**Q** 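Supplied in structure tokens, the structure appears directly below.
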Amino acid sequence: MNLAARIALLCLGVAFVAVLVAGVVSTRLVLSTSQQVSREILRSQADVVAGQISNNRIEQVLEGQGIAIVRISASGEVSGADRSAVRAAREVGVGRVLGGSPVSGVSGRLNVEARPSGAGGFALVQETETGTTYRKLVRNVLFALGIGLAVACLAGLALGTFLARPLRRVASVAHSMSAGRRDLRVPVSGPSELAEVAASVNSLADALQRSESRQRDFLLSVSHELRTPLTAVTGFAESLADGVVSGAQVAPVGTVILDEARRLDRLVTDLLDLARLGADDFRLDMAAVGLEPVVRSAAEVWHARSHARGVIFSLEVSSSPVVYADARRLRQVIDGLMENALRVTPAGRPVVLALSSVLEVRDGGPGLAPEDYPVAFDRGVLHARYQESRPVGTGVGLALVHGLVTRMGGTITAGPAPEGGAAFTVTLPAAA
């Protein structure tokens, strides 16, 4: 059942209950009021008739109005032509009028008004016309119920259509998006809730468009990175196979092929690790880990590599925190950040590995533009922006580092370094 039908049914239900409750309450009030009015009229007539009860014409007039007259003798005997009226008078106890006081009462649907007269008295008995009143009320309530249900049905359909129209537009745009369209947007209009839904769908479409654009750029950059070493490997391998290279030239050619193969292996490994980060079965051996031994072990390796490149390596340790992390993945984070720093730092400039309450890697390279720091960990963004101006890696290194730190419950930020380049700061949860 669609939204318009549901709202129409809801309006019908509300209208039905409202009219029904109003009908029941009004019926009871009208019937009660009708009975009270009838009793007041009969009481007034009894007072008027009290002095003229012996007049036969009065009796005829009363009988014409549907009022029965019951006689009360001086001995208290009740008599009259209408048996039901006599019975009602006896039930009310009209004999009390012999004491000189009027008597009023109700017996079933009969109103009884007794008055003293001469040595005895009389009683007027009249049936309350509740039956006719009740039937009229029922007809009026049913008529009002029909009108209310018709109006509620029309109002519900109109309201449902009004609310469903923007939702149908949103659904149409969502279906088009699932089919691959990214150029459609939903008009943000209508009630605030529907406008919020439309705005959310538009935001989702914008995010999908940006994400897919980045994915395309990343795939293009990865394809370029793969093509370069593959071209080198293919060319030198063909030279070896054709016998163009021989003798003392074989070893340098083999070295080039080996370097390019390792570059390919590094790129594939980074891509696989980055893909595994999103899987539920990505393994982390979390435990209490002292950061200082891990940092000093990494420093020995990167000091040698920095020296070989002519880069000045510095290790700064001012604290020895114990964190809750995976030691192997933590070393992978340090290696990734150090490799990124060493790649962009020219000879003679510093690279710093610092440990305090946080882990920090700083370099003296060219740094990043201010607007690039917030997107430094987005996959392939820095690679696409700087591949023409400086040495770049696989395009996934920093994204992989960010994913590892995040999976271990930590945070990583990028910003300018005092040494003139970029600084990457890792904060990990302390061990309990």
Side-chain angles (χ1 to χ4, degrees), residues 13-152:
V14 172
F16 179 81
V17 172
V19 173
L20 188 62
V21 171
V24 171
V25 173
S26 62
T27 298
R28 293 180 63 88
L29 290 175
V30 170
L31 290 178
S32 175
T33 303
S34 176
Q35 189 173 25
Q36 290 178 2
V37 171
S38 298
R39 291 182 63 183
E40 290 294 335
I41 294 174
L42 187 62
R43 184 178 294 115
S44 299
Q45 289 177 327
D47 293 337
V48 171
V49 171
Q52 307 176 19
I53 191 61
S54 59
N55 190 334
N56 291 331
R57 180 152 183 85
I58 292 296
E59 294 185 14
Q60 292 175 0
V61 172
L62 292 175
E63 289 176 357
Q65 295 177 356
I67 301 175
I69 299 177
V70 177
R71 303 285 182 173
I72 306 169
S73 66
S75 61
E77 182 180 352
V78 180
S79 61
D82 192 330
R83 294 182 178 180
S84 60
V86 172
R87 188 183 308 110
R90 288 174 179 169
E91 290 178 357
V92 171
V94 294
R96 291 174 292 168
V97 299
L98 298 178
S101 300
V103 176
S104 299
V106 178
S107 177
R109 291 192 300 173
L110 297 177
N111 293 328
V112 180
E113 290 292 337
R115 298 291 185 273
S117 178
F122 72 96
L124 300 183
V125 180
Q126 183 183 33
E127 181 180 359
T128 304
E129 296 182 359
T130 55
T132 303
T133 305
Y134 180 76
R135 286 190 294 271
K136 290 181 179 179
L137 279 174
V138 169
R139 286 197 300 269
N140 292 335
V141 169
L142 291 177
F143 179 75
L145 181 61
I147 295 297
L149 292 180
V151 172

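Since the structure is predicted, the reported quantities are computational estimates derived from the model, not experimental observations.
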**Q** Please find the pair of heavy atoms, one from Val106 and one from Val92, that lie closest to each other, and give the distance.
**A** N-CG2, 4.1 Å
**Q** If you define the side chain from C-beta out and look only at heavy atoms, does anything of Val78 sit under 4.5 Å from Val94?
**A** yes
**Q** State the OG-CZ distance between Ser107 and Arg87, to the nearest 0.5 angstrom.
**A** 8.5 Å
**Q** Enter the distance from Asn111:CG to Gln126:CD here, rounded to the nearest 0.5 Å.
**A** 7.0 Å
**Q** Looking at every heavy atom in both Ser79 and Val86, which two are closest together, and how far apart are they?
**A** C-CG2, 3.9 Å
**Q** Is the closest side-chain heavy-atom distance between Leu124 and Ile69 below 4.5 Å?
**A** yes
**Q** Looking at every non-hydrogen atom in both residues, tell me the closest pair between Ala114 and Val97 and how far apart they are.
**A** CB-CG1, 3.3 Å
**Q** Where is the tightest heavy-atom contact between Leu98 and Ser73, given as atom of each residue plus distance?
**A** CD2-O, 3.6 Å
**Q** Of all the heavy-atom pairs spanning Ala89 and Val70, show the shortest one and how long it is.
**A** CB-CG1, 4.2 Å
**Q** Which atom names give the shortest non-hydrogen contact between Ser84 and Leu110, and what distance separates them?
**A** O-CD1, 3.8 Å
